[in-house]
Every structure is written in C-alpha cells, then in structure tokens.
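Order of the sequence lines sets the chain letters (A, B, ...), proteins ahead of strands, with each chain counted from 1.
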There are 2 protein chains.
Amino acid sequence: MSLIFSRSCEYALQAVIYMARVENGKPVHLRTISDAMSIPHHFLGKILQILTRDDIVQSTKGANGGFKLGRSASEIRLLEIVHSVDGATSLDKCIMGYPECVDDKPCPLHDEWKKSKETIMKMLRETTIDKMTEGLDSKLAETAATH
Amino acid sequence: MSLIFSRSCEYALQAVIYMARVENGKPVHLRTISDAMSIPHHFLGKILQILTRDDIVQSTKGANGGFKLGRSASEIRLLEIVHSVDGATSLDKCIMGYPECVDDKPCPLHDEWKKSKETIMKMLRETTIDKMTEGLDSKLAETAATH
DNA sequence: GGATAAACAGACTCTTTTATCTGATACAAT
DNA sequence: ATTGTATCAGATAAAAGAGTCTGTTTATCC
C-alpha cells in the first residue's frame with residue numbers, strides 16, 4: 001500500500017507545523033527543523049523552496065535568515081500544502097485503476113470509496129494549520145521540544 | 001498524492017475480478033486477461049505468480065493452461081489481495097509521517113484520520129470478490145466484454 | 001516422442017521518487 | 001570591504017516501482 005501523502009509531503013507538513021509552533025515572528029533555520037524532525041536537510045531544503053515559491057513559507061537568506069510561515073497559520077490550509085508539494089490530488093482517480101470508472105458506470109468499489117474520499121478531502125480542505133497546532137502543546141509538545 | 005493501492009495491486013484486483021466474472025470453471029489465459037484489461041502481460045504475469053503463491057489464484061501450465069480463482073469468490077477478501085501484492089498495510093502508519101504518533105500521543109490529524117482509516121479497512125476486510133461482481137453485469141459488463 | 005502452447009523465473013531497462021553534493025548568491029555584522 | 005552564515009539552484013546518485021526480454025519448465029495433443 002502506498003498511501004495518501006508522498007514522503008516529501010509528510011516532511012512539508014512536519015516542517016510547517018514546526019514553524020507554526022516555534023514561531024514568535026523570527027525565522028527558523030533549515031538545519032534546526034531538519035534536525036528536530038530527523039529529515040535529511042538538503043532534501044528538506046528543496047521542499048521548503050517549493051513551499052516558498054507558493055507563498056506558504058517565507059525565506060530570508062544570510063545571517064539571521066531562515067524560514068517562517070508566509071501568512072498566518074489560520075490562513076494556510078492542509079490542502080494547499082499537499083497541492084504545492086504533491087501536485088493535483090489523485091483522489092479522484094478510480095481506486096481500482098479502471099480508466100472508464102465514472103459515477104454512472106462505476107467500478108465495484110466506487111460508491112463506498114467515494115464516501116471515504118469525500119471525508120478525506122473535507123479534512124484537507126477545512127483543516128488549517130492553526131487548528132493543527134491547537135491541541136498540540138498538551139500532547140506532542142515534549143517530543144517536539146526535546147528533538 | 002500517492003494513494004492507497006500500488007499499480008501492481010490495481011492490476012491484481014482487475015485480474016481477479018475478470019477471472020471471477022468470466023469463470024465457468026475453466027482457466028483463463030494470462031494473455032486474455034492482459035489484453036482485456038490493457039495490462040502489460042509480462043508484468044501481469046509476475047503479479048499472478050504472487051497471487052498463485054498465496055493461493056488466491058490457481059495456475060495450470062501447458063496447453064489448456066491458464067489462471068483461475070484459487071477458491072470460491074465468496075471466500076476471497078479484498079484485503080487478502082492487497083496484502084499479497086503490496087505487503088502489510090501501511091494504513092496504520094501515521095498520515096503525517098511522525099514516527100512517534102500513537103493513540104495517546106497523537107499527531108494533529110490522528111483522530112480524524114483514524115476514522116477514515118477504519119472505514120477503509122472495514123471495506124477491505126468485509127468486501128469479498130463475489131460481492132464485487134454482483135452488481136457488475138448491469139454496469140461494467142459491456143466494457144469488460146468488449147475489451 | 002515431438003511439436004506446440006501455456007506458465008515460470010531471472011535478469012535487465014526505464015522512470016519516478018528520494019536523497020546527496022557542490023557551488024553560487026544574498027544578507028548581516030564587524 | 002571582508003567575513004561568516006544562511007538560502008538557492010542545478011547536477012548527480014541511490015533506491016524503489018513499473019515494465020520488458022529471454023529462456024526454461026510443464027502439460028497437452030498429435
């Protein structure tokens with residue numbers, strides 16, 4: 001089973017969450033994030049470049065540089081990050097790979113899968129980064145902090 | 001976005017459905033299936049070898065050989081095929097890729113994702129091949145037949 | 001037994017994803 | 001201005017997934 005997000009996308013989410021939490025206005029170094037999340041830093045660099053291009057994060061070069069969120073955490077939606085990194089969603093492709101599978105000529109799993117798909121899409125569309133960090137301090141806080 | 005089944009697994013499902021439908025006890029040639037479903041036949045060959053090893057399909061060599069289901073369609077579950085081809089499900093891994101994400105120290109998407117996961121797993125566990133072919137004749141029949 | 005027709009098996013190629021390396025560029029502090 | 005520290009960018013490498021090729025084995029039919 002493959003599953004939903006590519007590795008790159010997982011890293012992107014982790015990094016964005018990290019920035020949203022640590023944030024106090026100041027940019028965070030790539031290296032700080034990659035060390036904390038155990039992500040190869042060159043690889044994360046590439047990913048953050050993409051997010052920068054799409055204005056999800058903002059970068060500053062040179063000393064005192066680093067990365068921070070491009071806008072308020074309440075204005076960044078999960079789906080944007082996924083789209084930015086993984087491209088257009090493949091959630092609308094047939095789960096069984098039938099090329100001709102459509103609503104009125106469905107594959108055997110079409111209707112059931114459609115429900116799951118819509119639930120997932122709703123989650124991606126409606127979840128903003130601030131909502132994701134909300135409940136976090138009581139839970140993952142120690143983990144993220146000690147990394 | 002990646003998504004749920006690998007290409008190989010999609011092919012496996014298509015092939016099994018095909019066998020379940022065409023079936024009248026007689027084995028079907030690899031080539032017949034691959035042509036009908038537009039699957040590279042060598043590639044499908046590999047996949048059917050795996051399914052054969054796991055007793056999901058049964059093969060006979062030589063003239064009049066071919067593939068047929070290893071047991072009754074009502075005794076083959078979707079999840080078996082997925083496991084056979086794609087290996088142990090990755091549905092239990094954290095959607096965000098956090099290695100330390102568990103129920104009592106969850107990632108921000110844990111609870112919502114858990115619901116979707118369980119719905120999908122339920123579908124995979126409970127759907128048998130005969131259920132999948134049931135509604136099919138009125139729908140995909142023409143497509144599959146004309147291939 | 002020989003010819004034929006199928007699955008089986010292993011090596012190989014191509015593509016995509018993931019990861020690494022190296023140098024250039026930009027910024028800040030002194 | 002020089003130095004140090006950061007991101008940026010492009011080329012490259014390694015690994016995994018998808019697909020191909022060639023030959024072997026096994027069964028059936030004549």
| field | Upstream residue (5' side of DNA chain C) when R31(B) and C9(A) are each assigned their closest nucleotide | value | R31(B)
| query | G66(A) near the nucleic acid: base, sugar-phosphate alone, or nothing, with a heavy-atom cut-off under 4.0 Å? | reply | sugar-phosphate
Considering only nitrogen or oxygen atoms on both sides, find all protein atoms under 3.5 Å from nucleotides 28-30 of chain D and state each distance.
from    : atom 1 : to     : atom 2 : distance (Å)
dT28(D) : O3'    : N64(B) : ND2    : 3.3
dC29(D) : OP1    : N64(B) : ND2    : 3.2

| Rounded to the nearest 0.5 Å, what separation is found between the NZ atom of K115(B) and the CG atom of D111(B)? | 8.0 Å
| query | Less than 4.5 Å apart, any side-chain heavy atom of I33(B) and any of L44(B)? | reply | yes
| message | Could you tell me how far apart L44(A) (CG) and dA9(D) (P) are, to the nearest whole angstrom? | response | 16 Å
| request: Please tell me if the side chains of E112(B) and I120(A) come closer than 4.5 Å, counting only heavy atoms from C-beta onward. | output: no
| note | Residue set satisfying ring pair (Phe, Tyr, Trp, His ring centres under 6.0 Å) with Y11(A), at least two apart, ordered chain then number -> F43(A)
| field | Main-chain N/O of S6(B) paired with D86(B) side-chain donor or acceptor, under 3.5 Å | value | yes
| field | Shared hydrophobic cluster for V22(A) and M96(B) (ILVMFWY, side-chain gaps under 4.5 Å) | value | yes
| task | Take atom NE2 of H42(A) and atom P of dA11(D), then tell me their distance rounded to the nearest Å. | result | 16 Å
| Given DNA chain D, 5'-ward residue of the pair Q49(A) and H29(A), judged by closest heavy atom | H29(A)
| query | Below 4.0 angstrom, N of the basic side chain to O of the carboxylate: do K117(B) and D92(B) qualify? | reply | no
Check: residues 74-83 of chain A side-chain donor-acceptor pairs under 3.5 Å, at least two apart:
from   : atom 1 : to      : atom 2 : distance (Å)
S74(A) : OG     : S72(A)  : OG     : 2.7
R77(A) : NH1    : R125(A) : O      : 3.0
E80(A) : OE1    : R71(A)  : NH1    : 3.0
E80(A) : OE1    : R71(A)  : NH2    : 2.9
E80(A) : OE2    : R71(A)  : NH1    : 3.4
E80(A) : OE2    : R77(A)  : N      : 2.9

| Where does the chain B footprint on DNA chain C start and end, counting 5' to 3' with a 4.0 Å heavy-atom cut-off? | dA5(C) to dA11(C)
| Pairs flagged by side-chain hydrogen bond (donor to acceptor under 3.5 Å, both in side chains) wherever residues 39-59 of chain A is involved - sequence neighbours left out | R31(A)-H41(A), D54(A)-S84(A)
Review item, nucleotides 15-19 of chain D N/O atoms under 3.5 Å of protein N/O:
from    : atom 1 : to     : atom 2 : distance (Å)
dA18(D) : OP1    : R7(B)  : N      : 3.2
dG19(D) : OP1    : R7(B)  : NH1    : 2.9
dG19(D) : OP2    : Y11(B) : OH     : 3.4

| Between atom CD in Q58(A) and atom P in dT7(D), what is the gap in whole Å? | 14 Å
| task | Taking all heavy atoms of A73(A) and all of T128(A), pick out the closest pair and write down the distance. | result | O-CB, 4.0 Å
| field | Atom pair NZ/SG of K114(B) and C94(B) - distance to nearest 0.5 Å | value | 12.5 Å
| field | Whole-Å gap separating C1' (dC8(D)) and CD1 (I50(A)) | value | 13 Å
